[in-house]
Structure formats: C-alpha cells, structure tokens
> 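I have a structure here, written as structure tokens, and I will follow up with some questions on it.
Convention: sequence-line order gives letters A, B, ...; per-chain numbering from 1.
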2 protein chains.
Amino acid sequence: MPSTSPTALSTAERTLDVAERLLQVRGFNGFSYADIAAELGVTKASLHYHFPTKAELGDALIARYSSRFADALGTIDRDTTNPRDKLDAYVNIYSEVLRGDRMCLCGMLAAEYETLPHSMAEAITQFFRENEAWLTNVVAQGQADGSLSNGVTPSDASQMLLSGLEGAMLIARTLGGLPRFQSSARRLLEILNP
Amino acid sequence: MPSTSPTALSTAERTLDVAERLLQVRGFNGFSYADIAAELGVTKASLHYHFPTKAELGDALIARYSSRFADALGTIDRDTTNPRDKLDAYVNIYSEVLRGDRMCLCGMLAAEYETLPHSMAEAITQFFRENEAWLTNVVAQGQADGSLSNGVTPSDASQMLLSGLEGAMLIARTLGGLPRFQSSARRLLEILNP
DNA sequence: GTCTATAGGCAGATAGAC
DNA sequence: GTCTATCTGCCTATAGAC
C-alpha cells in the first residue's frame with residue numbers, strides 16, 4: 001500500500017510540499033534536507049531515497065510549480081473571456097502566494113540563479129518564457145477587442161507586467177506586505193487602460 | 001603604514017569589494033569567507049580580524065552600499081534640475097549595476113530576507129524607504145512643474161518605480177539582459193508621461 | 001595584521017540492516 | 001521505504017605564534 005488512507009499523501013509529495021514552502025520563504029540555499037526531515041518526522045536518508053540529490057529535488061519542485069501555474073492559466077482561459085478579467089485573475093495568483101508569506105518560487109530562484117544547477121536555471125527561464133507568452137496573448141486579445149490600450153506592444157507589456165509583479169512581490173515581503181503589492185499591481189494594470 | 005602606496009586599498013576595503021560582488025552575484029547565502037580569502041590571496045582568519053562575524057560583514061556591506069547610493073542621489077540632485085532627467089539618471093544607476101552582471105545588493109538581500117540577521121533586515125528596509133522618499137520627492141516636483149503626469153500619487157508612483165526596477169533587474173539576469181531591463185525601465189517611466 | 005592550526009557544527013550524500 | 005550509522009567536505013569562528 002502506498003498510503004494509509006484515501007486522502008493520505010505519499011512521503012514524496014509531502015517532501016515536495018514542505019520543500020516548496022521552505023524554498024519560497026528562505027531560498028534554495030536557505031534550507032537543507034535536515035529542515036525537511038525534522039518537519040516531516042523522518043530521517044534525511046528517507047528523503048534521499050525519493051530525491052537522491054538536492055538538484056533533483058529542485059528540478060522536481062520547479063516542474064511541479066510550473067505545471068500548476070500552467071494549469072492555473074488554463075483555468076483562467078476557460079473561466080474568463082474578457083482580457084482585463086484574465087489579467088486580474090493572473091494578478092490574483094500572485095496575491096495568493098504572497099498571502100501565504102511566500103515569494104514566487106521562480107522569482108526566488110531567479111535571485112539565486114548564478115548558484116543553481118544548470119537544469120534548474122534552464123527550467124526557470126522556461127517558466128518566465130511561458131508566462132510571458134500567455135500574457136502576450138492576452139494583451140494582444142485585449143488590444144484587438146479594444147478593451148486594452150494599444151500604446152504598447154503586447155510583448156513589451158507582458159515583460160513589464162511579469163517583472164513588475166515579481167518585483168512588487170520581492171519588495172512587499174520586506175516593506176508594505178500584501179496591501180502594497182496589490183496597490184502596485186493595480187497601477188501596473190492601469191498602464192493598459194485604453 | 002596602513003598601505004604600501006597612495007592608491008593601495010586596505011584589506012578591509014578589498015574584502016568589502018570582493019564580498020560585495022559575490023553578494024550581488026550569488027547572494028548572501030551563496031558565498032563564504034573561503035571564497036573571499038581565495039580571491040584576495042589571504043587566509044580566512046585574516047578576514048575574521050576585520051569582520052569577526054559574517055553578520056558584521058553583511059552590516060558593513062549594506063552600510064557602504066546605502067551610503068554610496070545616497071551619494072549618487074545627492075549627485076543627481078546637484079547635477080540635474082528637470083525631474084524627468086533625475087528619473088533617467090536614477091534608472092541609469094540600476095543599468096550600470098546590471099551591466100556588471102550584478103543584481104541590486106538590497107534587492108538580492110530582499111529575496112533572502114527571512115534568513116538574514118535582524119540588523120541586516122532592518123537596514124534593507126531602510127534602504128528601500130530612503131529610495132522611495134527620494135523618488136516621491138522627484139515625482140512631486142515633476143507634477144508641480146507639469147513635466148510629469150499627476151494621474152498617480154507621488155507615493156504610488158515611487159513604489160511602482162522601485163519595485164518595477166528591482167523586478168526588471170531580477171528577471172533580466174535570467175532572461176533578456178540589459179536591453180530588456182532598459183526597455184522595461186522606459187515603459188515604467190512612460191507611466192508618468194503627462 | 002596575517003599566519004597556522006583547529007575546533008565544532010552542519011551540509012549533502014551513501015551503505016547496509018530491517 | 002525507512003531506519004541507523006557514517007563519510008567527507010565545507011561552513012563560521014577562535015587560539016595563539018609571528
């Protein structure tokens with residue numbers, strides 16, 4: 001039996017859950033296998049059974065995070081049609097992360113970029129590319145239907161939204177918190193007012 | 001004699017120079033006394049003579065960085081009168097940091113915030129406060145003389161500029177580099193077009 | 001001020017019993 | 001899958017000679 005009840009999580013999943021939070025709060029170089037093990041009540045050796053090296057754990061964390069993010073974008077596309085509503089929903093993803101006192105996982109890793117294994121570095125870049133591609137699409141839609149200003153190219157707008165939101169999260173954790181983040185996010189979106 | 005020639009730097013200063021670069025590239029948790037010692041050709045013990053603990057080294061790094069940043073803002077105030085020129089010069093400070101393949105020192109530390117000694121955390125918050133105070137002043141001047149839009153409060157504008165620029169640096173190091181940063185910075189400033 | 005030497009702890013990682 | 005036990009290496013930091 002891999003689990004003790006229908007709702008129980010495997011050790012691998014619980015490891016990812018704890019490691020994900022530690023990574024988003026303290027950074028990849030700011031937590032250890034010992035931290036995860038203590039929180040789960042298992043030994044470090046058990047963790048190495050599921051994730052032999054920390055680089056592999058990191059790869060798994062980015063893969064799961066990117067996958068969930070992509071799912072969330074898919075959900076937005078299904079649930080909303082108005083491009084402005086899509087952007088509001090996009091910002092809301094970030095708000096919920098910050099509400100948990102966390103930084104965006106890939107934003108955190110972007111800071112530590114130069115210290116990371118190559119596979120992780122590439123995966124982070126890919127995460128940002130995918131986000132920008134989605135945002136570019138939404139902005140282009142909004143410009144086509146007139147709901148968004150066409151004073152900026154969709155590509156430029158998506159770059160500014162992505163980096164603006166990541167920066168607002170970064171600073172808000174040290175100064176101003178969620179209210180400040182949401183205020184900055186609103187200002188960013190106003191740029192696209194027609 | 002504290003130095004061997006009029007232009008020679010003390011070990012303490014050279015330590016700060018190397019540590020500063022390592023911190024801006026790899027983060028506070030991403031370098032060690034051994035890294036600095038190897039680069040300077042001295043022993044770790046020598047470094048501990050000048051900076052007994054890493055927390056004290058970190059305090060000194062933030063203090064020097066903040067002081068230089070404040071000097072740069074003072075120079076801008078002396079050399080330019082037009083608020084738009086001041087903002088351009090402000091962005092240029094960031095561009096030069098990124099040109100050296102570095103992240104803003106305090107932006108990097110903002111990511112590692114939760115792992116830092118209290119004295120460092122407080123100093124980072126103070127750095128951001130001072131930057132925002134300066135920016136708020138410049139925006140207010142520009143609104144008064146009509147060179148900047150008054151569609152946003154100076155406080156909101158300064159928050160968005162600071163976090164937007166920090167975020168643009170953060171992302172540009174993994175995707176797009178300096179050209180992308182400068183493009184995003186230009187877009188941010190356009191928000192203040194009258 | 002800088003060195004050698006070393007302490008004490010924690011990091012990531014592995015071997016092998018159960 | 002999880003454990004005990006252990007390895008090796010690096011970390012911050014200190015003592016004491018020069």
> Between C1' on dC3(D) and CG on L40(A), what's the gap in Å once rounded to a whole number?
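Taking atom C1' of dC3(D) as the reference, CG of L40(A) is at 15 Å.
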
> Tell me: NE2 of H50(A) to P of dA13(C), nearest whole Å?
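It is 16 Å, rounded to the nearest whole Å.
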
> How many whole angstroms separate atom CD1 of I36(B) from atom C1' of dT2(C)?
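These atoms are roughly 16 Å apart.
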
> Over 60° means perpendicular and under 30° means parallel, so tell me whether H48(B) and Y33(B) are parallel, tilted or perpendicular.
parallel

> Does a side-chain N or O from Y33(A) land closer than 4.0 Å to OP1 or OP2 of dG12(C), or not?
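So the side-chain polar atoms of Y33(A) never come under 4.0 Å of the phosphate oxygens OP1 or OP2 of dG12(C).
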
> The side chain of Y49(B) is closest to which nucleotide in this list: dA15(C), dT2(C), dA13(C)?
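The answer is dT2(C), which lies nearest to the side chain.
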
> OP1 or OP2 of dC3(D) sitting under 4.0 Å from any side-chain N/O of T43(A)?
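Yes, because at least one side-chain N or O of T43(A) sits under 4.0 Å from OP1 or OP2 of dC3(D).
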
> When all nucleic acid strands are considered with a 4.0 Å heavy-atom cut-off, which category describes F31(B): base, sugar-phosphate, or nothing?
sugar-phosphate

> For dG1(C), does either OP1 or OP2 sit under 4.0 Å from a side-chain N or O belonging to H48(B)?
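For dG1(C), neither OP1 nor OP2 has a side-chain N or O of H48(B) closer than 4.0 Å.
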
> How long is the line joining CG of L57(A) and C1' of dA11(C), in whole Å?
14 Å

> Check whether any side-chain nitrogen or oxygen of T11(A) sits under 4.0 Å from OP1 or OP2 of dG1(D), and answer yes or no.
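The answer is no; no side-chain N or O of T11(A) sits under 4.0 Å from OP1 or OP2.
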
> To the nearest angstrom, how far is K54(A) atom NZ from dT14(C) atom P?
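In whole Å, dT14(C) P lies 15 Å from K54(A) NZ.
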
> Take the protein atom CZ of F28(B) and the nucleotide atom C1' of dT12(D), then report the distance between them rounded to whole Å.
11 Å

> NA contact type, S32(B), heavy-atom cut-off 4.0 Å: base, sugar-phosphate, or nothing?
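If one applies the 4.0 Å heavy-atom cut-off, S32(B) turns out to touch the sugar-phosphate alone, with no base involved.
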
> Show your reasoning for whether side-chain hydrogen bond (donor to acceptor under 3.5 Å, both in side chains) applies to S149(B) and N193(B).
CA-CA 5 Å; S149(B) 160; N193(B) 282 350; over 6 Å; no

> Once the angle between the rings of F69(B) and F127(B) is folded into 0 to 90°, is it parallel (under 30°), tilted (30 to 60°) or perpendicular (over 60°)?
perpendicular

> For R26(A), is there an ion pair with E112(B) - N to carboxylate O distance below 4.0 angstrom?
no

> Examine dG1(D): is either OP1 or OP2 under 4.0 Å from a nitrogen or oxygen in the side chain of S46(A)? Give yes or no.
no

> Got a salt bridge between R99(B) and E96(B), using NZ or NE/NH1/NH2 to carboxylate O under 4.0 Å?
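Judged by the 4.0 Å cut-off on N to carboxylate O distance, R99(B) and E96(B) do form a salt bridge.
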
> So which nucleotide from dA5(D), dA13(C), dA13(D) ends up closest to the side chain of K44(B)?
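Of dA5(D), dA13(C), dA13(D), dA13(D) is nearest to the side chain of K44(B).
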
> What is the distance from CG of D35(A) to C1' of dG12(C), rounded to the nearest Å?
13 Å

